Amino acid sequence: MVPKGFAMEQVWFLLLLTTKVLSVTAQFNGYNCDANLHSRFPAERDINVFCGVQTITMKINFCTVLFSGYSETDLALNGKHGDAHCRGFINNNTFPAVVIFIINLSTLESCGNTLVVSSARGISAYGNTSVIQIGNVSGYIDTPDPPTIISYLPGLLYKFSCSYPLEYLVNNTQLASSSAAISVRENNGTFISTLNLLLYNDSTYSQQLLIPSTGLPLKTKIYAAVRATNLDGRWNVLMDYCYTTPSGNPGDDLRYDLFLSCDKDPQTTIIENGKSQMGRFSFEVFRFVKHKNQKMSTVFLHCVTKLCRADDCPFLVPICSNRERRDTGRRTTWSPQSTSGNAVITAGPIITRSDETPTNNSQLAHLNGDPFQLNSVTSALISGVVILGITSIFFFVWSLTLLHRNWPNSSILSGIRNPVFN
């Protein structure tokens, strides 16, 4: 037989447990939460940060916020609890329910977020010593302090940050399929999807280059532009290194540099760099000698590009003097790295034709000497002179023949006078 006191203790325990369950159920009522999973205080895993091109998005587990005794209106960016624009909104269509905060990078300071761009000399993406920049956006989400001296509610604090490397390898082959590389756990983002490399055939950059099926003639001038689209106006484009390869592989061992800092190919002209969201340059097309047995040569263009704050760009653009230029045929040993922020995009192919005429057997004798060719006018004059000469000789011979036939016989002139004429 069960003691009466023990039975009463079991009844009280069941009542207490039922009350607790009902309390938690009421607390989560209407929201997509699980009392068994979310009856706890927030932890680091309860915030996810997505570092995008135009916005930074934070998703906070709302169930643990409810369990802690707060509502969605108690959460705000950087202590701006009186500003409705700095609060989040609930999405109850996911499990668990979340509070979403969206920061527009063009107005990130409006709710107290900070942007810090750090610069340091180091090894760049292509292996040379250069100024490396990283943009870091940071802030926090918290609950307000109570107006009392003490509180039995825990203060909630969620810190976040997004780091954006500001150097990229740009082309346009993969642009259609590229997107922001988001690493939620490491809180890294990239602006690579905003950059593309376009080719034009005029200096006004109004007509995009159309390559005929037969290829472009050698030394055709091409105007190239690295352009940023849908990017906040605080960033400018700074081209650091542009080069070409015979294949679409940016890491091809065979490459020809157009410009690297102050060193540039003589046929390359840098028109604009670091002054806006478009970098522009021009160059003359050529062919790779390895394509000597082909009618056409393919050229792929690659550019390592940085993004810099408009105020910082003038200090990052290289100041070039009349120092000795590097051999333009020199090949660099850089190869694309797999670190965060380095994305590979390629412009091309640019197809060029060699414009060489086939050599036949009759021309082989002239290969070692200077060829002599006559145009149509000269040939006609020479032919006329020859015909006139032949005609003159013919008339001369014909005239002599006639003259010889009409000349008096010598025996008649010297003969005896006819007596009849006496």
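Treat the numbers as computed from the prediction; the structure is a model and nothing was measured.
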For this session: Apply the test side-chain contact (heavy atoms from CB on, under 4.5 Å) to residues Ile222 and Tyr200: give CA-CA distance (whole Å), side-chain angles for both, the deciding distance (0.1 Å), then the verdict.
Result: CA-CA 6 Å; Ile222 290 181; Tyr200 298 84; over 6 Å; no

For this session: Might you work through the side-chain contact (heavy atoms from CB on, under 4.5 Å) test for Val226 and Met278, ending with a clear yes or no?
Result: CA-CA 6 Å; Val226 178; Met278 184 169 69; over 6 Å; no

For this session: Tell me, with the steps shown, if Ser138 and Asn136 meet side-chain contact (heavy atoms from CB on, under 4.5 Å).
Result: CA-CA 6 Å; Ser138 62; Asn136 184 272; 3.8 Å; yes

Problem set entry | Residues Val116, Val137; criterion side-chain contact (heavy atoms from CB on, under 4.5 Å); working and verdict | CA-CA 7 Å; Val116 177; Val137 179; over 6 Å; no

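Within the 3.5 Å criterion, the main-chain N or O of Pro144 finds no donor-acceptor partner in the side chain of Tyr70. A donor-acceptor contact shorter than 3.5 Å links the side chain of Gln277 to the backbone of Trp235. Within the 3.5 Å criterion, the main-chain N or O of Asn36 finds no donor-acceptor partner in the side chain of Ser39. The closest donor-acceptor contact from the side chain of Thr298 to the backbone of Pro246 lies under 3.5 Å. Under the 3.5 Å distance criterion, the side-chain polar atoms of Asp74 are matched with a main-chain donor or acceptor of Ser71. With Thr305 contributing its side chain and Leu238 its backbone, the two residues share no donor-acceptor pair below 3.5 Å. Looking only at distances, a side-chain donor or acceptor of Thr94 sits under 3.5 Å from a matching main-chain atom of Pro96.
Taking both residues in full, the closest heavy atoms of Thr148 and Ile150 are given as OG1-O, 2.5 Å, listed atom of the first, atom of the second, then distance. Across every non-hydrogen atom of Gly139 and Asn78, the tightest pair is CA-OD1, 3.4 Å. The two residues Ser203 and Arg280 make their nearest non-hydrogen contact at O-NH1, 4.4 Å. Considering all non-hydrogen atoms of both residues, Ser68 and Leu153 come closest at O-CD2, 3.4 Å. When every heavy atom of Asp252 is checked against every heavy atom of Ser247, the shortest pair comes out as OD2-OG, 2.6 Å. The shortest heavy-atom contact between Leu197 and Ala224 is CD1-CB, 4.5 Å.
Using a 4.5 Å cut-off on side-chain heavy atoms (C-beta onward), Cys162 and Val49 make contact. Residues Ile100 and Thr57 are in side-chain contact: their nearest non-hydrogen atoms beyond the backbone lie under 4.5 Å apart. Residues Arg227 and Val237 are not in side-chain contact: their nearest non-hydrogen atoms beyond the backbone lie 4.5 Å or more apart. The side-chain heavy atoms of Asn61 and Asn48, taken from C-beta on, include no pair separated by under 4.5 Å. Arg255 has its side chain within reach of Asp257: a pair of non-hydrogen atoms, C-beta onward, lies under 4.5 Å apart. Side-chain contact between Leu254 and Lys290: present, with at least one pair of heavy atoms (C-beta onward) separated by less than 4.5 Å. Under the 4.5 Å side-chain criterion, counting only non-hydrogen atoms from C-beta, Arg287 is not in contact with Met296. The shortest side-chain heavy-atom distance between Lys306 and Cys308 does not fall under the 4.5 Å cut-off.
Taking the charged nitrogens against the carboxylate oxygens, Asp312 and Arg309 do have a contact shorter than 4.0 Å, which makes a salt bridge. Taking the charged nitrogens against the carboxylate oxygens, Glu109 and Arg234 do have a contact shorter than 4.0 Å, which makes a salt bridge. Salt-bridge formation is detected for the pair Glu284/Lys219: a Lys NZ or Arg NE/NH1/NH2 atom is positioned less than 4.0 Å from an Asp or Glu carboxylate oxygen. Here Arg40 pairs with Asp46 in a salt bridge; the nearest charged N to carboxylate O distance falls below 4.0 Å.
Note that the CD1 atom of Ile56 and the CG atom of Leu108 stand 7.0 Å from one another [nearest 0.5 Å]. The CD1 atom of Ile103 sits 4.0 Å away from atom CG of Asn113, with the distance rounded to the nearest 0.5 Å. How far NZ of Lys221 is from OG of Ser282: 4.5 Å, rounded to the nearest 0.5 Å. Rounding to the nearest 0.5 Å gives a distance of 10.5 Å between OG1 of Thr268 and CD1 of Ile271. For the atom pair CG (Leu156) and CD1 (Ile60), the distance works out to 9.0 Å, reported to the nearest 0.5 Å. Rounding to the nearest 0.5 angstrom, the gap separating the CD atom in Gln207 from the OH atom in Tyr223 is 12.0 Å.
Below 30°, between 30° and 60°, or above 60°: for Phe62 and Tyr31 the angle between ring planes is above 60°, a perpendicular geometry. Using a 30° and 60° split on the angle between ring planes, Phe300 and His302 fall in the parallel class, below 30°. Classified by interplanar angle (parallel below 30°, tilted 30° to 60°, perpendicular above 60°), the ring pair Tyr243/Tyr241 is parallel.
Side-chain atoms of Tyr256 and Asp265 form a donor-acceptor pair, as typed in the model, at a separation below 3.5 Å. A donor-acceptor contact closer than 3.5 angstrom is absent between the side chains of Asn104 and Thr55. Under the 3.5 Å distance criterion, with hydrogens and angles disregarded, a donor-acceptor pair is assigned to the side chains of Ser206 and Asp202.
Under the side chain to side chain donor-acceptor pair (under 3.5 Å) test applied with His81, the options Asp142, Thr143, Thr73 reduce to a single match, Asp142.
In the displayed structure, Phe315 atom CZ is contacted under 6.0 Å by at most 12 heavy atoms of other residues, nucleotides or ligands. Counting non-hydrogen atoms of other residues, nucleotides and ligands closer than 6.0 Å to CG of Leu210 gives a total of 12 or fewer.
Residues passing the ring pair (Phe, Tyr, Trp, His ring centres under 6.0 Å) test with Phe41, sequence neighbours excluded: Phe67. With sequence neighbours left out, Phe281 forms a ring pair (Phe, Tyr, Trp, His ring centres under 6.0 Å) with Phe259.
Figure legend: Lys59 and Phe50 shown as a cation-pi pair, the cationic atom lying under 6.0 angstrom from the six-membered ring centre and within 45 degrees of its axis.
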